[in-house]
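Structure first, then comments.
All chains are named by letter (A, B, ...) in the order of the sequence lines, taking the proteins before the strands, and each is independently numbered beginning at 1.
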There are 2 protein chains.
Amino acid sequence: MSDPAPRPASAAEVAALAGVSRSAVSRTFTDGASVSARTRAKVMAAAEALNYHVNHLARGLSKDASRPVCLLASNLTRPYHGLLLDALTRRLQAAGRMAMVINVSTDPQSAGAALAQALSYRASAVVVMSGTPPADMVTACIDAGQKVIAINRGEEWPGVHHIRIDYRRAMQEAVTALRAAGCGRIALAGSRKGTPSLAAREAFFIEACHAQGIDPVVWRGDGSGYAEGQEAAQALLQGQAPPEGIFCLTDLMACGLMDMARDTLALAIPRDLCVIGFDDIPQAGWAGYGLTSFGQPYDRIAARVEEILLGEEPASRLETPLIWRQSVRSAKEPPRG
Amino acid sequence: MSDPAPRPASAAEVAALAGVSRSAVSRTFTDGASVSARTRAKVMAAAEALNYHVNHLARGLSKDASRPVCLLASNLTRPYHGLLLDALTRRLQAAGRMAMVINVSTDPQSAGAALAQALSYRASAVVVMSGTPPADMVTACIDAGQKVIAINRGEEWPGVHHIRIDYRRAMQEAVTALRAAGCGRIALAGSRKGTPSLAAREAFFIEACHAQGIDPVVWRGDGSGYAEGQEAAQALLQGQAPPEGIFCLTDLMACGLMDMARDTLALAIPRDLCVIGFDDIPQAGWAGYGLTSFGQPYDRIAARVEEILLGEEPASRLETPLIWRQSVRSAKEPPRG
DNA sequence: CTGAAAGCGCTTACAG
DNA sequence: CTGAAAGCGCTTACAG
């Protein structure tokens, strides 16, 4: 309002104004520190007058807890990533941590560079939301004292904290639901991309089919988005004796598949075809889709990240509830034919 | 791999190993600094051996350029915000800046707290992607030497760098397109939410209608998402002489409106109804919608942010191209009736 | 080009 | 409870 200060106030200036030592100021803003009520009051008054805010950058030099948490993200453009990032940033913020996001989408190999950046900012932890950084960079981070938290990344890395979904159970449920809906011929709309989550869902879906005596038709696209869903529909649904139930690796694929099945192939869903997706993105709930899908436990994932930050080591896999909508016949309805 | 160091190497250790001063190490990692090739080589070798990375936290204490850039975001769950955040983080990263995101979605008033956080981390700039922080907090940031960059935020704040879209021109184009498609009765699916962008689109759309001698029907929902689009369809399309062309404030609303118009009201698009949206989210391109929409210049916005960070002050408003798809009849096709 | 020194803004034993 | 001092890891005039 008055003379605009060129730089923010420092603890030293607050100390001077309050007539106390810089240590006293520091203590006032440190949670469990011992300061008398009187000193604290003087400090607070001075701080307010100078619009003082502790410099977290400087604090991070000595205090681990105020160092940033790095989020390695990609494809922020896709609903799943947006939802996860939303849950994560919200949670970290509530915990008073600074979230720094590194976008690794441009170059699939860039995950290594991202970790180098995390190292440069002395992040206290790095959360790998996607991408697969090279093992030696992961080791370097861990050696430097950082926690590395992997969300739904495949292989077990030594020293890495994993947060995992129980894909096996989910895939069993998917197959069961399709069979209960009367689907005899079952297919999987998969992907050649081979990211850990995608690969795990594929493997467990096929395993579950076999366990129930079914031999699923498997189709694989290049990616796992809307366009691949459309391709899947064309590839799977045109021959004779086409599948009656399809599990799509992602909701995005399911949306593409449904659009193509209805508009071009003139199939009715769920009468002629049952579809299940994964991620429970907002579009799954849109009237145009009504897609039955597995919900990702975004908030629970975020909660686990915080637990790990606090030193706890949660073990069990997270459950994904199947959200029922209209793309799968309920057991009572008769199947087609 | 070998003995895991509890903490990362410091410049002092590198200096010791290389047999030079700490200044020499610092200079080696500073862009325009004067170091002999020989010294630099020694330093680099030692740095590699110790896996040294400059501590940007510490560097931020004295160098403005390595202080973080704060991104005040919200609704990361929505396509528009995801797309913008994606473009921004990508660009900042390429520029070697650290992007710290603060999620202000929980509480609309939380924008003030977010700014306080930006102040605490001595961000060199804060980018307001959404939310409207209180004026005095904005002043505090500016007084503390931070750049405040507002993307599509309404009012002119003193000292704030604005990045703006030419909504007036876009809205004129929308009305023109609808009229060229033969739409006589025109409506606006608006919102009571009143965020700056939304309000501006509304006002300019109505202004453009009047300029072309049209009196649009205006409906307003609570928000600007899919559900409000559905409501808009019910409210606007049921009476007699319903609108033949509707502009929706957002693509999300347009999707909801289209679904409701087709599924429940049995209207054909664009035969019975032309629809235009805004944002050009991925779903607009899905086969189920084929929505004609204005594209946000995400990359250009990000480029401007960088320009402002570099001290330039770009002035003109950004253009939004109208992306033609199938939800508006082209001028040649005859309108219905 | 190079090093010794002071400074950036904090925290945390260490005495009192 | 409180202050003087050393430390966190960097940068940048200042001499040489």
Side-chain angles (χ1 to χ4, degrees), chain A residues 5-44 46-47 50-68 98 119-124 144-145, chain B residues 5-44 46-47 50-68 98 119-124 144-145:
Chain A
R7 58 171 54 239
S10 73
E13 305 177 61
V14 175
L17 181 58
V20 299
S21 70
R22 356 162 77 263
S23 323
V25 176
S26 194
R27 289 194 187 98
T28 302
F29 292 100
T30 300
D31 262 351
S34 54
V35 219
S36 68
R38 207 156 156 262
T39 308
R40 152 166 274 121
K42 282 195 292 186
V43 171
M44 290 310 272
L50 296 174
N51 194 233
Y52 171 73
H53 293 259
V54 176
N55 183 337
H56 282 232
L57 242 40
R59 174 177 272 183
L61 243 36
S62 22
K63 245 184 143 91
D64 178 277
S66 64
R67 277 155 47 194
M98 156 180 194
L119 230 28
S120 286
Y121 281 104
R122 296 300 185 267
S124 62
Chain B
R7 58 171 53 239
S10 74
E13 305 176 61
V14 174
L17 180 58
V20 300
S21 70
R22 356 164 73 265
S23 321
V25 177
S26 194
R27 287 193 189 102
T28 301
F29 293 100
T30 299
D31 262 352
S34 54
V35 219
S36 67
R38 202 149 163 267
T39 308
R40 152 167 274 120
K42 284 195 291 185
V43 170
M44 288 311 270
L50 297 174
N51 194 233
Y52 171 72
H53 293 259
V54 176
N55 183 336
H56 281 231
L57 240 41
R59 175 177 270 184
L61 242 36
S62 23
K63 245 183 142 89
D64 178 276
S66 63
R67 277 157 44 194
M98 156 180 195
L119 229 30
S120 286
Y121 281 103
R122 296 300 186 266
S124 61

Worksheet item: Expressed in angstrom and rounded to an integer, what is the separation of B/R122 atom CZ from D/dG9 atom P?
Response: 20 Å
Worksheet item: Checking all strands, does A/Y52 fall into the base, sugar-phosphate, or nothing category for heavy-atom contacts under 4.0 angstrom?
Response: sugar-phosphate
Worksheet item: Is B/S34 near enough to C/dC1 that one of its side-chain N or O atoms lies under 4.0 angstrom from OP1 or OP2?
Response: yes
Fill in: Short side-chain N/O contact to D/dG3 OP1/OP2 from A/S21, under 4.0 Å
yes
Discussion item. As a test of reading the structure: which of C/dT11, D/dT2, C/dT2 is closest to the side chain of A/V35, going by heavy atoms?
Written reply: D/dT2
Practice prompt. Establish, with yes or no, whether the OP1 or OP2 oxygen of C/dG7 is under 4.0 angstrom from a side-chain nitrogen or oxygen of B/S62.
Written response: no
Item to complete: Write down the distance between CZ (B/R22) and C1' (D/dG7), rounded to a whole number of angstrom.
Response: 11 Å
Practice prompt. Search all heavy atoms of B/Y52 against all heavy atoms of B/V25 and return the closest pair with its distance.
Written response: CE2-CG1, 4.4 Å
Item to complete: In whole angstrom, give the distance that lies between atom NE2 of B/H56 and atom C1' of D/dT11.
Response: 13 Å
Item to complete: For A/L57 and C/dT11, give me the distance from atom CG to atom C1', rounded to whole Å.
Response: 15 Å
Practice prompt. Mind calculating the distance between CG (A/D31) and P (C/dT12) to the nearest angstrom?
Written response: 11 Å
Worksheet item: Just by modelled atom types, is the A/A24 backbone N or O under 3.5 Å from a matching donor or acceptor in the A/T28 side chain?
Response: yes
Worksheet item: In whole Å, what is the span from the CZ atom of A/R27 to the C1' atom of D/dC1?
Response: 8 Å
Worksheet item: What pair of heavy atoms forms the shortest contact from B/A123 to B/R67, and how long is it?
Response: O-NH2, 3.7 Å
Practice prompt. Find which nucleotide of DNA chain C each of A/F29 and B/V20 is nearest to by heavy atoms, and output the residue with the more 5' nucleotide.
Written response: B/V20
Worksheet item: What does A/V54 touch in the nucleic acid at a heavy-atom separation under 4.0 angstrom: a base, only the sugar-phosphate, or nothing?
Response: sugar-phosphate
Discussion item. Is the phosphate of D/dA4 approached by A/S23 (side-chain N or O, under 4.0 Å from OP1 or OP2)?
Written reply: no
Item to complete: Among the candidates C/dT2, D/dG9, C/dC10, find the nucleotide nearest to the side-chain atoms of A/S26.
Response: C/dC10
Discussion item. Can you give me the closest heavy-atom contact between B/P8 and A/A144, atom names plus distance?
Written reply: CD-O, 3.4 Å
Discussion item. Rounding to an integer number of Å, can you tell me how far B/Y121 OH sits from C/dC8 C1'?
Written reply: 18 Å
Fill in: Distance in angstrom units between A/R59 CZ and C/dT11 P, rounded
4 Å
Worksheet item: What are the two closest heavy atoms between B/A9 and A/R122, and how far apart are they?
Response: O-NH2, 3.7 Å
Worksheet item: If you check the B/L61 side chain, which of C/dG3, C/dT11, D/dG9 turns out closest?
Response: D/dG9
Worksheet item: With both distances kept under 3.5 Å, what pairs with D/dA4, Watson-Crick or G-U wobble?
Response: none
